[in-house]
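Taking it in order: structure first as C-alpha cells, then the write-up.
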Amino acid sequence: AELYNEAVMYNADDAFTYILRAENCQRMGDVEGAVRDYEMVLRMSDDATSFSSLQGFALARLGRTAEAEDWMEKVLNNSTATEADRHYQAACLYAQTGNRTKAYQNLEKAFKAGYGDYYNIYFYSDSPITLAPLRGEADFRSLVQGYSDIF
C-alpha cells in the first residue's frame, strides 16, 4: 500500500497509478479507498474521450456499466491509438463490464488488425485493463487459437 501511495504522490496526474492503487485497495478490503481512487480518475482528465483517461475502467469498477460502455464507444471513434490497440482495450473494458459479445467482437478486430501481445492476451491481470474475465472460457481459447499465427 505504501508503494502505491508513493507512486500516486510522484505521478499525481497519471490515471493509471490511481487505477492500480484502487485495485490494491479492493484486494485489501478497503472499498472506500478504492471508490475514492476511481472517482479521482473520473475527475482527472479534460479529454474524457482519450483512452489514457481510463475513465471507462473506473466507471466499470464503480458499477456504472452503461456509462463505461458509452465512454469506450467514444474512445473507439476518437482515439489516435492504432486500430489493434483500440480494439484490444475495448475487449478489456467489455470483459470487465460482462459484455462478452462486444468483448469477443473487439478482440477479434484487434487480432485482425495485428494485435499480438502474447503476454497481455494470456497473462496480464494486474489492473482492470485485462482479458482475465474471459480466459477460462472455451470461446476465448477458440478465438485465440484461431489467430495463433500472430504470436
| task | Would you indicate whether the side-chain heavy atoms of Q105 and Y94 approach each other to under 4.5 Å? | result | no
| field | V8 side chain near Y4 side chain, heavy-atom distance below 4.5 Å | value | no
| Are side-chain N/O atoms of D117 and Y88 paired as donor and acceptor at under 3.5 Å? | no
| message | Grouping I, L, V, M, F, W and Y whenever their side-chain heavy atoms are under 4.5 Å apart, do Y104 and F151 come out in a common cluster? | response | yes
| L131 and N120: side-chain contact (heavy atoms from CB on, under 4.5 Å), yes or no, with the steps? | CA-CA 8 Å; L131 296 172; N120 281 351; over 6 Å; no
| query | If you draw a 6.0 Å radius around OH in Y10, do more than 12 non-hydrogen atoms from other residues or ligands fall strictly inside? | reply | no
| query | Which atom pair, heavy atoms only, marks the closest approach of A15 to S53? | reply | CB-O, 3.5 Å
| field | Side chain to side chain, L62 and L42, heavy atoms closer than 4.5 Å | value | yes
| said: If I take atom CZ from residue F57 and atom OG1 from residue T130, how far apart are they, to the nearest 0.5 angstrom? | reply: 9.5 Å
| task | Answer yes or no: is there a side-chain heavy-atom contact under 4.5 Å between Y147 and E108? | result | yes
| request: Look at the side-chain heavy atoms of Ile, Leu, Val, Met, Phe, Trp and Tyr, link any pair under 4.5 Å apart, and say whether Y124 and Y118 land in one connected group. | output: yes
| said: Checking the side chain of S142 only, and the main-chain atoms of D139 only, is there a donor and an acceptor separated by less than 3.5 Å? | reply: no
| Just wondering, do L107 and F140 contact through their side chains at under 4.5 Å, heavy atoms? | yes
| request: Please name the pair of heavy atoms, one in S127 and one in L20, separated by the smallest distance, quoted to 0.1 Å. | output: CB-CD2, 3.9 Å
| message | Rounded to the nearest 0.5 Å, what separates atom CZ in R21 from atom CG in N24? | response | 9.5 Å
| said: Nearest 0.5 angstrom please: E6 CD to M9 CE, how far? | reply: 5.5 Å
| D37/V41 under side-chain contact (heavy atoms from CB on, under 4.5 Å): CA gap, chis, key distance, verdict | CA-CA 6 Å; D37 281 341; V41 170; 5.9 Å; no
| message | Side chains of E23 and Y38 only: does a donor on one sit below 3.5 Å from an acceptor on the other? | response | yes
| Closest contact, heavy atoms only, G56 versus A68 | O-CB, 3.2 Å
| task | For the pair R135 (side chain) and Y122 (backbone), establish whether a donor and an acceptor sit closer than 3.5 Å, ignoring hydrogens and angles. | result | yes
| said: On a heavy-atom basis, which atom in A12 and which in M44 lie closest, and how many Å separate them? | reply: O-CE, 3.3 Å
| task | Taking Q96 for its side chain and P128 for its backbone only, find out whether a donor-acceptor pair lies under 3.5 Å. | result | yes
| said: Just verifying a value: how many Å separate D70 CG and Q55 CD, rounded to the nearest 0.5 Å? | reply: 12.5 Å
| said: Is there a side-chain contact between L134 and L143 in this structure, where contact means two heavy atoms from C-beta onward sitting under 4.5 Å apart? | reply: no
| said: Taking the side chain as everything from C-beta on, heavy atoms only, tell me whether F111 gets closer than 4.5 Å to V144. | reply: yes
| query | Should L3 and Y18 be regarded as members of a common hydrophobic cluster, given that ILVMFWY residues are connected when their side-chain heavy atoms come within less than 4.5 Å of each other, either directly or indirectly? | reply | no
| request: Calculate, to the nearest 0.5 Å, the distance between atoms CG and CH2 belonging to L54 and W71 respectively. | output: 6.0 Å
| field | Worked check of salt bridge (Lys or Arg N to Asp or Glu O under 4.0 Å) between E137 and R100 | value | CA-CA 10 Å; E137 298 178 4; R100 300 296 198 249; 2.7 Å; yes
| said: For a 4.5 angstrom cut-off between non-hydrogen side-chain atoms, does R61 reach Q26? | reply: yes
| message | Distance check, rounded to the nearest 0.5 Å: R86 atom CZ versus M72 atom CE? | response | 10.5 Å
| note | Smallest heavy-atom separation, A34 atom then C25 atom, equals N-CB, 3.6 Å
| Of the non-hydrogen atoms in A103 and A91, which two are nearest, and what is the gap between them? | O-CB, 3.4 Å
| task | Dump the intermediate steps for side-chain contact (heavy atoms from CB on, under 4.5 Å) on E73 and L76, then the final yes or no. | result | CA-CA 5 Å; E73 290 303 316; L76 283 170; 4.1 Å; yes
